[in-house]
Amino acid sequence: MSELIRTDTEPTLHTALLQFIFPFSVKEGGDMKLIQRLEQDGFTRFFLDNKELEKAYYGEGYRVSHEKMERCYLPFAAHVLFPREKVKDSFRRFSRVNNLPCRLDMPGHSIQFQVLSTDVFICPFELGFLTVRIRIEEEHLPFSIALEFADRLRTLENVSYQDEQTTIHCHDRSFGQVEDFVFRNLVRGLEPFLDPSEIDGAYFETLPFFVDERMLVQAFYGFDRREEEDEISEELRYRASQLDGLTLEGEPYISASDNGYIEDYCREHCYSRWGPDTYYMTNEQTFCCLSRAGSGLATQLVNQMYGEYYYGLLLSIFHKIVLLKLANLHSRLRINHDYDEIENLIFLINKFSAKFYFLELISQSQGREIFFQLRKVYGNDALFDEVKMTLNDLFQYQEKFQAKRRDTLLMILTVFTVVSGIYGMNQVIEDLKGKIGWNKMLEYSPFEYLALFVALTGIAVSIGLSLKQLWNGIRSRRRKRYQGQD
């Protein structure tokens, strides 16, 4: 159900800047090959000490201060987000300038836009993020058209009639699906490194971590100031959060009609510290800033959205996906068989909680409050509590399992020690000294054959157990080294 909006109250925008974020899984062991491919394709490794990059990726007039961005985060978070070296357990960012003029055609409208740049992050836990940074070139753009543009461009695969009627034109090429535009044009080398194992068993999904194959949207909407000084109403904020753009007939609409519901929604998902001129809206698929600020302040707000708030959003998404991934690993365990996987899951949960999940990450009050808002919307704290309970259950199971295994092993060794040591070795030990008398063994009684079998079996079991323990130790060390512990 939806409700039409009066077109005579439709606000217009002087600035519409969007970042479309696509999380993905990297194939196991494929991160170094992916890095090589990105560097071959012209992506540059991002380091904070390279200040030449402060104005490189964000369009004319915008600049992200690397110094301010580092100061915004506490040291243990900055170490992960902005590594000084090529540390594996960190957010390794690669960026490329595009400055690519394009056009999106949809029923009733044609919108000029520019792809400013693209980012690829390679993160711990075999995760990554692709960001496509876009500026809409239209002047005095109706707000509803901007929302419709964002809703169409975030949909990677066509799932609706509106998607089927949307085409992207770039130079002399046309793309009927956003997925083709992104993976066959902007980042052609990425798709072979995507890991499809996260969606095994799905009937229609072809990309991991998504519902309806849609990217997340981070946006800045700068509103034109009109003589009547219209405020940024709760309806506008709700529509920005939900990306409620246009109906099939091309009319602005809102996907809720009850004022009480809209008010409650905005109370929960809106950060209104700088209202009534500036608001931030958050939900699981969008994070946007709506502002009527003048050009100077608007530029500062955009710089923040490109800088510290961008990284705060990525960190929140990273937390959510890793927590879901850990929960998914737990759900797939065969508790009586996958002993190595249980140990590995315990290690991963401890690694995540120790290195990446902190209650305090941001030093500045406004950034901290927005980060808390994002974490609340994604439900990360509840997911983390659930994962910690899983860890406790795994510890208890592992303790019981190891105790049972120790008891079984002790019983086996005791039997072999008693039988082979007291009985077996006393029966045949003399024949096994020095030069073995094989002829004497032909004259053994049944009890002596039994003693010989028990003695040799005991030796074989001892050697086998020692080799198995050594192999398990080598495997565990290799796995932990690959996961970044060493």
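Inspection of the Thr166 and Asp163 side chains reveals no N or O donor paired with an N or O acceptor under 3.5 Å.
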- List the steps, then state whether side chain to side chain contact (heavy atoms under 4.5 Å, CB included) holds for Leu153 with Met215. CA-CA 8 Å; Leu153 206 60; Met215 294 187 281; 5.7 Å; no

- Task: Determine, step by step, whether Leu18 and Val132 satisfy the side chain to side chain contact (heavy atoms under 4.5 Å, CB included) criterion, reporting the C-alpha distance in whole Å, the side-chain angles of both residues, the deciding distance to 0.1 Å, and the verdict.
- Result: CA-CA 8 Å; Leu18 306 104; Val132 181; over 6 Å; no

- Message: Does Phe193 form a side chain to side chain contact (heavy atoms under 4.5 Å, CB included) with Lys27? I'd like the steps, not just the answer.
- Response: CA-CA 6 Å; Phe193 297 93; Lys27 288 182 178 179; 5.6 Å; no

- Message: The test is side chain to side chain contact (heavy atoms under 4.5 Å, CB included); show your working for Ile254 and Ile262 and say whether it passes.
- Response: CA-CA 10 Å; Ile254 184 171; Ile262 295 173; 3.6 Å; yes

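At a threshold of 4.0 Å, the pair Asp49-Arg84 does not count as salt-bridged, since none of the basic side-chain nitrogens sits closer than that to a carboxylate oxygen. The pair Glu235-Arg239 fails the salt-bridge criterion, with no side-chain N (NZ, NE, NH1 or NH2) lying under 4.0 Å from an Asp/Glu carboxylate O. Ion pairing of Glu191 with Arg184 is present here, as a side-chain N (NZ or NE/NH1/NH2) and a carboxylate O approach within less than 4.0 Å. Lys355 has a carboxylate O that lies under 4.0 Å from a charged side-chain N of Asp89, or vice versa, which qualifies the two as a salt bridge.
Between Tyr357 and Phe352, the ring planes are tilted. Angles from 30° to 60° get that label. Below 30°, between 30° and 60°, or above 60°: for Tyr271 and Trp274 the angle between ring planes is above 60°, a perpendicular geometry.
In this structure, Ser291 and Leu301 approach most closely via the heavy-atom pair OG-CD1, 3.4 Å. When every heavy atom of Leu130 is checked against every heavy atom of Phe24, the shortest pair comes out as N-CE2, 3.7 Å. In this structure, Leu374 and Thr282 approach most closely via the heavy-atom pair CD2-CG2, 3.7 Å. Gln218 and Met305 get closest at one heavy-atom pair: NE2-O, 2.8 Å. Nearest heavy-atom pair, Cys102 versus Cys170, reported as atom, atom and distance to 0.1 Å: SG-SG, 3.6 Å. What you find for His14 and Ala293 is that their closest heavy atoms are NE2-O, 4.2 Å.
Side chain of Tyr280 to backbone of Arg273: no donor-acceptor contact under 3.5 angstrom is found. Proximity of a side-chain donor or acceptor of Asn158 to a complementary backbone N or O of Gly176 within less than 3.5 Å is detected. Using modelled atom types, no side-chain atom of Lys325 and backbone atom of Leu127 make a donor-acceptor pair closer than 3.5 Å. Within the 3.5 Å criterion, the main-chain N or O of Gly275 finds no donor-acceptor partner in the side chain of Ser272. At distances below 3.5 Å, at least one donor-acceptor pair connects side-chain atoms of Arg96 with backbone N or O atoms of Asp41. Checked by atom type and distance alone, the side chain of Glu138 pairs as donor or acceptor with a backbone atom of Gln112 at under 3.5 Å. With Glu263 contributing its side chain and Glu234 its backbone, the two residues share no donor-acceptor pair below 3.5 Å. Although no hydrogens or angles enter the test, the distance criterion places a donor-acceptor pair under 3.5 Å between the side chain of Arg237 and the main chain of Ile232. Under a 3.5 Å cut-off, the side chain of Ser353 and the backbone N or O of Asn350 do form a donor-acceptor pair. Within the 3.5 Å criterion, the main-chain N or O of His79 finds no donor-acceptor partner in the side chain of Tyr73.
With sequence neighbours excluded, no residue forms a ring-ring contact (aromatic ring centres under 6.0 Å, His included) with Tyr279. In this structure, Asp385 has no salt bridge (charged side-chain N to carboxylate O under 4.0 Å, His left out) partners at least two apart in sequence or on a different chain. The ring-ring contact (aromatic ring centres under 6.0 Å, His included) test applied to Tyr265 returns Tyr238, His269, not counting sequence neighbours. In this view, Thr15 and Leu17, Tyr62, Phe220 satisfy the side chain to side chain contact (heavy atoms under 4.5 Å, CB included) rule, not counting sequence neighbours. Contacts of Phe129 classified as ring-ring contact (aromatic ring centres under 6.0 Å, His included), with partners at least two apart in sequence or in another chain: none.
Summarising the geometry, atom CG belonging to Asp151 is positioned 7.5 Å from atom OG belonging to Ser160; distances are rounded to the nearest 0.5 Å. The CE atom of Met32 sits 8.5 Å away from the CD1 atom of Ile122 when rounded to the nearest 0.5 Å. Atom OG of residue Ser241 and atom CD of residue Gln285 lie 9.5 Å apart, to the nearest 0.5 angstrom. With rounding to the nearest 0.5 angstrom, the CD1 atom of Ile136 is 9.5 Å from the CD1 atom of Ile145. Note: Gln304 CD to Glu308 CD = 5.0 Å, rounded to the nearest 0.5 Å. For the atom pair Glu251 CD and Ser144 OG, the distance stands at 9.0 Å (nearest 0.5 Å).
Results of the ring pair (Phe, Tyr, Trp, His ring centres under 6.0 Å) test with Phe91 over Tyr311, Phe318, Phe47, Phe356 single out Phe318 as the only residue that passes.
The list of side-chain hydrogen bond (donor to acceptor under 3.5 Å, both in side chains) pairs with a residue in residues 127-137, not counting sequence neighbours, reads Gln19-Arg133, Gln114-Arg135, Ser117-Arg133, Asp119-Arg133, Thr131-Tyr310, Arg135-Glu137.
Taking the side chain as every heavy atom from C-beta outward, Asp31 and Lys88 approach each other to under 4.5 Å.
For Phe181 and Phe175, the distance between ring centers is under 6.0 angstrom.
For Arg188, the CZ atom is loosely surrounded, since the number of other residues' heavy atoms within 6.0 Å does not exceed 12. Few gaps surround NE2 on His66; more than 12 heavy atoms of other groups in view lie less than 6.0 Å from it.
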